[in-house]
Asks: 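For reference, the structure I am asking about is given below.
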Amino acid sequence: MSSTATKDHPQLAAIFNRDEPRVDWHDETLWWVRAKRDIAAHKLPEWELLRETASQIKNNVLSNLSTYLEQFEANAINNGIIVHWAANAEEHNKIIYTLLEKRGISRMVKSKSMLTEECHLNEYLLKQGIDVIDSDLGERIVQLAGEPPSHIVLPCIHKKKEEIGDIFHEHLGSAKGESDPKILTETARQHLREVFLTRRAALTGVNFAIAETGEFVICTNEGNADMGAHLAEIHIASMGIEKIIPERKHLGVFLRLLTRSATGQPITTYSSHFSKPQDGKEIHVVIVDNGRSIQLGREDFRNSLKCIRCGACMNTCPVYRKSGGHSYHTAVAGPIGSILAPNLDMEKYADLPFASTLCGSCSNVCPVKIDIHDQLYKWRQVIVKAGYTPKAKTLAMKGMAFTLSSPMIYRAAGKMGRFTFKYAPFAVNNGANPWYKHREMPKAPEQSFGEWYAKRKENKK
Amino acid sequence: MKVALFVPCYVDQFYPQAAVATLELLEKLGCEVHYPKNQTCCGQPMANSGYEHLTGGCNNLFIDNFAGYDYIVCPSGSCTLHIKEHLHSHENEDKAIEIRKRIFELTEFLVDILQVKSLKASFPYKVGMHQSCHGLRGLRISQMTELVAPPFSKPAQLLGLVKGLELVPLSRADDCCGFGGTFCVVEEAVSSKMGKDRVDDHIEHGAQYITSADLSCLMHLEGILRRQNSSVKVIHVAEILNHSI
């Protein structure tokens with residue numbers, strides 16, 4: 001990530017766009033997932049009702065978050081689960097390290113968790129001498145490649161099978177040039193089996209935590225969370241405070257929406273419930289805030305916390321599809337990430353709310369009806385007012401506002417502009433004009449509509 | 001019926017023929033059309049760039065020009081949506097609210113208010129229809145592919161009344177073209193790639209013209225078509241509906 005830390009979305013997206021066939025491939029792959037989502041959604045006549053129901057359940061959750069969290073904690077403790085609270089990423093990482101250190105555990109298996117990505121847990125533990133193996137296949141691939149995930153559901157969607165073959169050859173000893181997905185998957189399977197059998201600690205995320213019962217649910221297609229959690233003596237589950245749902249009966253609504261929105265599947269292969277530890281083993285839940293309560297307090301942005309991390313907004317987003325997940329330089333990429341990230345660090349992620357055409361497709365696919373594109377618009381206003389925009393842009397906008405507020409100046413500027421387009425095209429058709437790089441400028445007509453209309457009125461008299 | 005014509009700034013300056021077509025079409029359909037001469041811009045370029053706080057001047061000017069009409073009609077979904085969602089005024093909020101209620105994008109005005117059932121237009125070409133996002137998802141002038149709901153399309157309904165016109169199907173019916181206001185220059189690389197892909201979809205399906213209820217998208221797509229020396233042309237939907245041979 002260090003190479004991308006100083007670059008913003010337009011720069012990173014421009015680098016990604018140097019290889020057009022690759023952009024096409026990335027775009028097609030994700031569009032295929034979006035199309036699968038459409039087919040799955042359209043098979044359910046009650047789809048829009050489901051979305052509305054999920055949205056309202058989440059509204060209730062956000063309005064009563066502390067109550068549900070405390071209820072969950074009490075019930076979880078009753079079930080024999082040990083509950084920890086972390087105000088931020090640092091606390092989260094420390095809690096996990098302490099749990100491992102006390103038992104002298106130096107190797108841990110992890111299932112995919114975007115929260116641990118957000119907290120940079122792997123880097124932290126590595127510095128403490130603890131080896132973490134990601135067990136989700138896609139996540140394992142990017143881990144071996146030394147990259148962060150580029151998508152929250154499909155972490156290595158940006159990698160081609162030939163590239164994965166090279167990574168496996170280098171790290172897992174598969175044959176050079178092997179790119180058959182079946183053979184590569186088998187290689188990963190053998191490698192991960194050894195990991196599952198030997199690790200004493202397992203970390204998982206949490207998709208849904210049920211206040212009523214104190215249990216939590218993890219959804220995976222590979223069963224890797226179960227493999228890790230069942231075999232290890234200590235299972236640590238990291239969850240954001242927003243993962244709460246009130247009652248078990250609400251789970252059906254979310255499970256029906258989650259995977260249909262994510263991949264077009266009716267349901268994940270494994271929806272595993274964890275409610276109490278096996279004899280002689282421990283389950284710990286770390287409940288993490290890390291900026292979420294600040295977002296909860298921002299009226300315009302609070303319902304971004306309804307997100308169930310399905311990734312549908314990324315698959316449908318034409319900007320995401322054509323700029324790649326890494327261009328967002330944040331753990332959660334795409335439209336949803338662009339409204340979550342500025343809450344964590346407004347200056348660092350000031351570019352992200354602008355990485356959108358505000359087309360609104362993200363809001364339409366969102367299974368919990370987050371008004372994503374409206375929030376992007378609102379973040380822009382906040383970021384500009386906070387002063388995180390280039391001075392040249394502010395100056396240009398002031399000039400524009402001045403011109404457009406005065407009919408006389410507007411007409412004069414328009415005339416001058418059209419004159420320039422017509423008689424001095426070199427003034428606009430050059431490398432300094434980003435429009436001109438791939439597009440011709442519009443042709444300038446002889447007269448504006450206003451001028452035409454004035455003459456027409458004159459002639460009618 | 002007193003109708004005010006709102007011609008967005010870039011249409012006024014670069015595509016006057018679309019505004020002329022809009023005016024003529026509305027007059028043919030029996031509207032008394034006024035063009036308030038001191039109009040400029042809806043203020044969207046500033047607002048979408050995060051400078052909504054600089055749009056006060058534009059807003060007040062807009063209110064001065066457009067208060068008091070039965071309807072305000074605009075040949076651009078995007079500008080219409082901006083006014084509908086963001087026109088405010090400290091001094092004249094009542095008038096702003098009235099205007100927000102009375103402004104219509106051209107095709108929704110023709111279908112919902114004038115209830116046009118026939119047109120004397122002909123346009124014997126293969127036409128691809130680009131759905132502008134603000135018209136589509138903002139004003140809902142057509143049904144969106146993401147939602148589970150019965151399909152409809154106000155512009156397509158109108159184009160269906162035009163003799164000889166053949167609407168070509170597209171692989172991605174309502175994918176964004178990548179214009180996005182200042183996005184087109186700030187994110188030039190992604191924007192132009194998005195535009196190229198939209199253009200390709202139309203060309204692959206045999207379109208001779210690409211039409212839309214929004215000229216901003218068309219300006220972007222035209223820029224790409226002309227760079228490619230393509231014979232495919234862009235044309236605003238008003239020009240087709242007002243066209244006869």
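Protein chains get the first letters and strands the later ones, always in sequence-line order, with residue 1 at the start of each.
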Asks: Hey, mind stepping through A/His326 and A/Phe16 against ring pair (Phe, Tyr, Trp, His ring centres under 6.0 Å) and telling me if it holds?
Replies: CA-CA 9 Å; A/His326 288 155; A/Phe16 187 75; 9.0 Å; no
Asks: For the candidates A/Ser361, A/Pro318, A/Ala41, which exhibits the highest count of non-hydrogen atom pairs separated by less than 4.5 Å from chain B?
Replies: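 That would be A/Ser361.
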Asks: Between B/Leu221 and chain A, with a heavy-atom cut-off of 4.5 Å, which part of the residue counts as in contact: side chain, backbone, both or neither?
Replies: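 Answer is neither: B/Leu221 stays 4.5 Å or more from chain A.
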Asks: Heavy atoms, side chains only, cut-off 4.5 Å: are B/His134 and B/Ser76 in contact?
Replies: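 Heavy-atom side-chain distance check fails, nothing below 4.5 Å.
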Asks: Under a 4.5 Å heavy-atom cutoff, which of B/Thr55, B/Asn59, B/Asn60, B/Val190 has the most pairs with chain A?
Replies: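 Among B/Thr55, B/Asn59, B/Asn60, B/Val190, the one with the most close pairs to chain A is B/Val190.
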Asks: Is it the backbone or the side chain of B/Asp12 that comes under 4.5 Å from a heavy atom of chain A, or both, or neither?
Replies: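 Contact with chain A involves both backbone and side-chain atoms of B/Asp12.
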Asks: Which region of A/His373, side chain (C-beta onward) or backbone (N, CA, C, O), has a non-hydrogen atom less than 4.5 Å from a non-hydrogen atom of chain B, or is it both or neither?
Replies: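 Looking at A/His373, nothing touches chain B.
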Asks: Side chain, backbone, both or neither: which part of B/Asp197 has a heavy atom under 4.5 Å from chain A?
Replies: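 For B/Asp197, side-chain heavy atoms alone lie under 4.5 Å from chain A.
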Asks: Using side-chain hydrogen bond (donor to acceptor under 3.5 Å, both in side chains), reason through B/Ser78 and B/Gln44 one step at a time and then give a plain yes or no.
Replies: CA-CA 8 Å; B/Ser78 192; B/Gln44 186 176 205; 2.9 Å; yes
Asks: Quick check for you: among B/His53, B/Lys193, B/Met219, which has the greatest number of heavy-atom pairs under 4.5 Å with chain A?
Replies: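 Top option by heavy-atom pairs under 4.5 Å: B/Lys193.
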Asks: Under 4.5 Å from any heavy atom of chain A, what part of B/Arg137 do you find: side chain, backbone, both or neither?
Replies: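 Only the side chain of B/Arg137 comes within 4.5 Å of chain A.
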Asks: For A/Ala355, is it the side chain, the backbone, both or neither that has a heavy atom under 4.5 Å from a heavy atom of chain B?
Replies: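 Contact with chain B: backbone and side chain both.
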Asks: For chain A, find which of B/Gly43, B/Gly56, B/Pro16, B/Cys41 contributes the most heavy-atom pairs closer than 4.5 angstrom.
Replies: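 Of the options given, most contacts go to B/Pro16.
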Asks: Is there side-chain contact between B/Phe179 and B/Cys184, with heavy atoms separated by less than 4.5 Å?
Replies: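 B/Phe179 vs B/Cys184: side chains touch.
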Asks: Please look at B/Leu5 and chain A and tell me whether the side chain, the backbone, both or neither of the residue comes under 4.5 angstrom of a heavy atom of that chain.
Replies: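 B/Leu5 touches chain A through side-chain heavy atoms alone.
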Asks: Do the numbers put A/Lys36 on top of the ring of A/Trp32, so that NZ or CZ is under 6.0 Å from the six-membered ring centre and no more than 45° off the axis?
Replies: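 Pair A/Lys36/A/Trp32 counts as cation-pi.
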Asks: How long is the straight-line distance from CD of B/Glu222 back to CZ of B/Phe14, given to the nearest 0.5 Å?
Replies: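 These two atoms lie 11.0 Å from each other.
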Asks: Using heavy-atom distances under 4.5 Å, tell me whether B/Ser49 contacts chain A through its side chain, its backbone, both, or neither.
Replies: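 Both parts, backbone and side chain.
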Asks: Go through the atoms of B/Met144 and report whether side chain, backbone, both or neither lie under 4.5 Å from a heavy atom of chain A.
Replies: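 Side chain of B/Met144 only, per the 4.5 Å heavy-atom cut-off to chain A.
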Asks: With a 4.5 angstrom heavy-atom cut-off, could you sort out which part of B/Val7 is near chain A: side chain, backbone, both or neither?
Replies: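 The answer is the side chain of B/Val7.
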Asks: Output the option from B/Gln228, B/Arg172, B/Lys37, B/Arg226 having the highest count of non-hydrogen pairs under 4.5 Å with chain A.
Replies: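 Between B/Gln228, B/Arg172, B/Lys37, B/Arg226, the count favours B/Arg172.
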Asks: Determine whether the aromatic ring centres of residues B/Phe62 and B/Phe6 are separated by less than 6.0 angstrom.
Replies: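 When the ring centroids of B/Phe6 and B/Phe62 are compared, they turn out to be within the sub-6.0 Å range.
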Asks: Using a cut-off of under 4.5 Å on heavy-atom pairs, state which of A/Lys378, A/Glu46, A/Arg321, A/Lys457 scores highest against chain B.
Replies: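 Between A/Lys378, A/Glu46, A/Arg321, A/Lys457, the count favours A/Arg321.
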Asks: Can you check whether A/His329 reaches A/Lys7 side chain to side chain, under 4.5 Å on heavy atoms?
Replies: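 Side chain of A/His329 against side chain of A/Lys7, heavy atoms only: no contact under 4.5 Å found.
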Asks: Taking the side chain as C-beta and beyond, is there a heavy-atom pair between B/Tyr15 and B/Glu239 under 4.5 Å?
Replies: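 A side-chain contact is absent here, since even the closest heavy-atom pair is not under 4.5 Å.
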Asks: Side chain from CB out, backbone as N, CA, C, O: work out which of these in B/Gln17 comes under 4.5 Å of a heavy atom of chain A, or both, or neither.
Replies: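 For B/Gln17, no heavy atom lies under 4.5 Å from chain A.
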Asks: With a 4.5 angstrom heavy-atom cut-off, could you sort out which part of A/Phe421 is near chain B: side chain, backbone, both or neither?
Replies: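 Just the side chain, heavy atoms under 4.5 Å.
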Asks: Would you mind checking which part of A/Ile15 comes under 4.5 Å of any heavy atom in chain B, side chain (CB onward), backbone (N, CA, C, O), both or neither?
Replies: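 A/Ile15 has no heavy atom closer than 4.5 Å to chain B.
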Asks: Quick one: SG on A/Cys313 to CD1 on A/Ile372, what's the gap to the nearest 0.5 Å?
Replies: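 With rounding to 0.5 Å, SG (A/Cys313) is 4.0 Å from CD1 (A/Ile372).
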Asks: Non-hydrogen atoms of chain B under 4.5 Å away: do they reach the side chain of A/Met397, the backbone, both or neither?
Replies: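 Both backbone and side chain.
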Asks: Hey, does B/Val3 have a side-chain heavy atom less than 4.5 Å from the side chain of B/Tyr35?
Replies: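 Not touching, per the 4.5 Å side-chain cut-off.
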Asks: Of the backbone (N, CA, C, O) and the side chain (C-beta and beyond), which part of A/Ile383 lies under 4.5 Å from a heavy atom of chain B, both, or neither?
Replies: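 When you check distances to chain B, no heavy atom of A/Ile383 falls under 4.5 Å.
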Asks: Report yes if the side chains of B/Lys196 and B/Ser192 come closer than 4.5 Å at any heavy-atom pair, otherwise no.
Replies: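 Of all side-chain heavy-atom pairs linking B/Ser192 with B/Lys196, none is under 4.5 Å.
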Asks: Under a 4.5 Å cutoff for heavy-atom pairs, which residue among A/Lys398, A/Arg18, A/His9 has the most contacts with chain B?
Replies: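 Of A/Lys398, A/Arg18, A/His9, A/His9 has the most heavy-atom pairs under 4.5 Å with chain B.
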Asks: With chain A as the partner, which of B/Thr182, B/Ile224, B/Asn65, B/Leu225 has the greatest number of non-hydrogen pairs under 4.5 Å?
Replies: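 The candidate making the most pairs under 4.5 Å is B/Ile224.
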Asks: For the pair A/Asp371 and A/Ser363, evaluate side-chain hydrogen bond (donor to acceptor under 3.5 Å, both in side chains) and give the outcome as yes or no after the intermediate values.
Replies: CA-CA 5 Å; A/Asp371 51 340; A/Ser363 304; over 6 Å; no
Asks: Is it the backbone or the side chain of B/Ala47 that comes under 4.5 Å from a heavy atom of chain A, or both, or neither?
Replies: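 For B/Ala47, backbone and side chain are both near chain A.
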Asks: Using non-hydrogen atoms and a 4.5 Å limit, figure out which bit of A/Phe354 sits close to chain B: side chain, backbone, both or neither.
Replies: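 It is both, since atoms from each part get that close.
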Asks: Measure the spacing between CD of B/Glu85 and OG1 of B/Thr80 and express it to the nearest 0.5 Å.
Replies: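 So the gap between those two atoms works out to 11.5 Å.
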Asks: Without hydrogens or angle criteria, can the side chains of B/Gln13 and A/Lys415 be said to hold a donor-acceptor pair below 3.5 Å?
Replies: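 Checked: B/Gln13/A/Lys415 side chains show no N/O donor-acceptor pair below 3.5 Å.
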Asks: Using a 4.5 angstrom heavy-atom cutoff, name the option from A/Ala14, A/Ser448, A/Gly450 with the most pairs to chain B.
Replies: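 Between A/Ala14, A/Ser448, A/Gly450, the count favours A/Ser448.
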Asks: Count the heavy-atom pairs under 4.5 Å between each of B/Gly57, B/Ala18, B/Ala19, B/Gly138 and chain A, then report the option with the highest count.
Replies: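 Top count of heavy-atom pairs under 4.5 Å with chain A: B/Ala19.
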Asks: Between A/Ser356 and chain B, which part of the residue has a heavy atom less than 4.5 Å away: side chain, backbone, both or neither?
Replies: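 It is the backbone, since no side chain atom gets that close.
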Asks: Show your reasoning for whether side-chain hydrogen bond (donor to acceptor under 3.5 Å, both in side chains) applies to B/His205 and B/Asp201.
Replies: CA-CA 6 Å; B/His205 289 89; B/Asp201 196 353; 3.1 Å; yes
Asks: Looking only at heavy atoms and a cut-off of under 4.5 Å, which of A/Val365, A/Leu358, A/Thr316, A/Asp351 has the most pairs with chain B?
Replies: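 Of A/Val365, A/Leu358, A/Thr316, A/Asp351, A/Leu358 has the most heavy-atom pairs under 4.5 Å with chain B.
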Asks: Could you have a look at A/Phe402, A/Trp31, A/Tyr436 and say which one has the most heavy-atom pairs with chain B under 4.5 angstrom?
Replies: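 Most pairs with chain B among the choices: A/Trp31.
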Asks: Flag the pair B/Arg100 / B/His88 as yes when at least one side-chain heavy-atom distance between them is below 4.5 Å, and no otherwise.
Replies: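 A side-chain contact exists here, since the closest heavy-atom pair is under 4.5 Å.
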Asks: Of the backbone (N, CA, C, O) and the side chain (C-beta and beyond), which part of B/Leu147 lies under 4.5 Å from a heavy atom of chain A, both, or neither?
Replies: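 Answer is both: backbone and side chain atoms of B/Leu147 are under 4.5 Å from chain A.
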Asks: With no hydrogens and no angle check, do the side chains of A/Thr394 and B/Tyr51 hold a donor and an acceptor under 3.5 Å apart?
Replies: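 The answer is yes; a qualifying pair exists.
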Asks: Are a donor atom and an acceptor atom from the side chains of B/Thr22 and B/Glu24 found within less than 3.5 Å of each other?
Replies: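 Per modelled atom types, B/Thr22 and B/Glu24 side chains form no pair under 3.5 Å.
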Asks: Checking A/Trp435 against chain B: side chain, backbone, both or neither under 4.5 Å from a heavy atom?
Replies: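 Both backbone and side chain.
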Asks: By a 4.5 Å heavy-atom criterion (distance strictly below it), what part of B/Ser191 contacts chain A: side chain, backbone, both, or neither?
Replies: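 B/Ser191 touches chain A through backbone and side-chain heavy atoms alike.
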